[in-house]
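The block underneath contains the structure these notes are about, expressed in structure tokens.
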Amino acid sequence: MGKVIVHGKVAARIVETEAYLGLKDRAAHTFRGVTQRTKVLFGPPGHAYVYLIYGMYECLNFSCEPEGSPGCVLIRALEPLAGIDEMRERRGHPKRDRDLTNGPGKLTMAMGITRAHNGLDVTHSELLVCEPVRHQRFEITTSTRIGIQHNTDWEMRFYISGNEFVSKG
DNA sequence: CAATAGATCATCT
DNA sequence: GATGATCTATTGC
């Protein structure tokens with residue numbers, strides 16, 4: 001939370017995430033073990049997992065646990081920092097800037113992230129996760145996760161309290 | 001503002 | 001062959 005994702009001229013701050021607990025979590029893609037799609041999550045931490053959902057949107061995750069342990073974090077919302085015109089272009093010029101990145105499918109579109117970025121090391125590639133240049137103080141609110149059918153009572157959604165770019169849910 | 005319908009396809013059974 | 005970690009447009013207050 002609060003870190004910055006950079007892709008080309010576009011950068012944005014992470015303001016909303018959800019955790020998925022590998023083998024213990026029925027809602028996680030990795031619950032049933034390794035498959036062609038989820039194998040990157042069984043690899044080392046700090047790698048991007050990008051997949052297609054509902055036939056038309058991409059979602060961005062980062063692997064978080066050591067090799068062999070498939071825990072990951074879904075990025076649900078970002079606060080645009082740089083390259084905002086480019087984001088507006090890719091999103092089809094929405095009325096409000098908050099609609100650029102306030103959802104997992106929207107932010108990948110705004111950032112230009114696709115399945116081509118699946119498996120990249122986000123410390124050494126065209127897709128980077130960095131410390132922010134200016135740290136801002138923030139508080140984190142937790143809630144249940146969104147859009148899933150299992151473990152719906154687990155409070156594993158986290159967002160920056162009061163941030164305008166957090167998704168509706 | 002809230003509820004609903006429809007788009008659309010890679011992945012897994 | 002069914003499904004899903006979503007979004008948009010449209011309808012009805």
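Hydrogens, waters and symmetry mates are skipped; everything else that's a heavy atom, side chains included, is used. All chains are named by letter (A, B, ...) in the order of the sequence lines, taking the proteins before the strands, and each is independently numbered beginning at 1.
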Counting only heavy atoms from other residues, nucleotides and ligands, does the tally under 6.0 Å from NE2 of A:His135 exceed 12? yes
A:Tyr159 OH to C:dA5 C1': how many Å, rounded? 17 Å
Could you run down nucleotides 3-13 of chain B 5' to 3' and tag each one B, S or - for protein heavy-atom contact under 4.0 Å? ----BBBSSSS
Do A:Thr141 and A:Ser161 pass the side chain to side chain donor-acceptor pair (under 3.5 Å) test, and can you show the C-alpha distance, the side-chain angles, and the key distance before you say yes or no? CA-CA 6 Å; A:Thr141 305; A:Ser161 314; 2.8 Å; yes
Interatomic distance, A:Ile75 CD1 vs C:dT6 P [rounded to whole Å]: 14 Å
Can you confirm whether or not the ring centre of A:Tyr51 sits under 6.0 Å from the ring centre of A:His29? yes
Could you tell me the separation between the NZ atom of A:Lys95 and the P atom of C:dT8, rounded to a whole number of Å? 12 Å
Could you go through A:Arg145 and A:Asp25, starting from their C-alpha distance and side-chain angles, then the distance that decides it, and tell me whether this counts as salt bridge (charged side-chain N to carboxylate O under 4.0 Å, His left out)? CA-CA 12 Å; A:Arg145 294 177 292 186; A:Asp25 184 357; 2.6 Å; yes
Report yes if some heavy atom in the side chain of A:Val10 is under 4.5 Å from a heavy atom in the side chain of A:Arg90; otherwise report no. yes
N/O donor-acceptor pair under 3.5 Å between A:Thr35 side chain and A:Thr38 backbone: yes
Between A:Leu74 (CG) and C:dG4 (P), how many Å, whole number? 16 Å
Could you give the CG-to-P distance, from A:Leu60 to C:dC7, as a whole number of Å? 13 Å
Where the side chain of A:Thr17 meets the backbone of A:Ile75, is there a donor-acceptor pair that is under 3.5 Å apart? no
Under 4.0 angstrom between A:Arg76 side-chain N/O and C:dT6 OP1 or OP2: yes
Between C:dA5 atom P and A:Arg157 atom CZ, what is the distance in whole Å? 16 Å
Think A:Lys168 has a side-chain N or O under 4.0 angstrom from the OP1 or OP2 of B:dC1? no
When rounded to whole Å, the OH to C1' distance for the pair A:Tyr49 and C:dG4 reads 11 Å
Name the nucleic acid region contacted by A:Arg91, choosing base, sugar-phosphate or nothing; use a 4.0 angstrom heavy-atom cut-off, strictly under. sugar-phosphate
Report, one line per pair, each donor and acceptor closer than 3.5 Å where one atom sits in a side chain of residues 101-118 of chain A; sequence neighbours left out.
{"from": "A:Thr101", "atom 1": "OG1", "to": "A:Leu78", "atom 2": "O", "distance (Å)": "2.5"}
{"from": "A:Asn102", "atom 1": "OD1", "to": "A:Lys106", "atom 2": "NZ", "distance (Å)": "2.9"}
{"from": "A:Thr108", "atom 1": "OG1", "to": "A:Glu58", "atom 2": "O", "distance (Å)": "2.9"}
{"from": "A:Thr108", "atom 1": "OG1", "to": "A:Gly105", "atom 2": "O", "distance (Å)": "3.0"}
{"from": "A:Thr114", "atom 1": "OG1", "to": "A:Ala116", "atom 2": "N", "distance (Å)": "3.1"}
{"from": "A:Arg115", "atom 1": "NE", "to": "A:Glu58", "atom 2": "OE1", "distance (Å)": "3.2"}
{"from": "A:His117", "atom 1": "ND1", "to": "A:Thr114", "atom 2": "N", "distance (Å)": "3.0"}
{"from": "A:His117", "atom 1": "ND1", "to": "A:Thr114", "atom 2": "O", "distance (Å)": "3.3"}
{"from": "A:His117", "atom 1": "NE2", "to": "A:His7", "atom 2": "NE2", "distance (Å)": "3.2"}
{"from": "A:His117", "atom 1": "NE2", "to": "A:Glu126", "atom 2": "OE1", "distance (Å)": "3.4"}
{"from": "A:Asn118", "atom 1": "OD1", "to": "A:Val50", "atom 2": "N", "distance (Å)": "3.0"}

Find the runs of at least 3 consecutive base pairs, i with j, i+1 with j-1 and so on, that include DNA chain C, using Watson-Crick or G-U wobble geometry with both distances under 3.5 Å. B:1-7 with C:6-12, B:9-12 with C:1-4
Are A:Arg76 and A:Phe158 in a cation-pi setup, meaning NZ or CZ lies under 6.0 angstrom from the ring centre and within 45 degrees of the ring axis? no
For A:Trp154 and C:dA5, give me the distance from atom CH2 to atom P, rounded to whole Å. 15 Å
A:Gly103 vs A:Gln149, nearer the 5' end of DNA chain C by closest nucleotide: A:Gln149
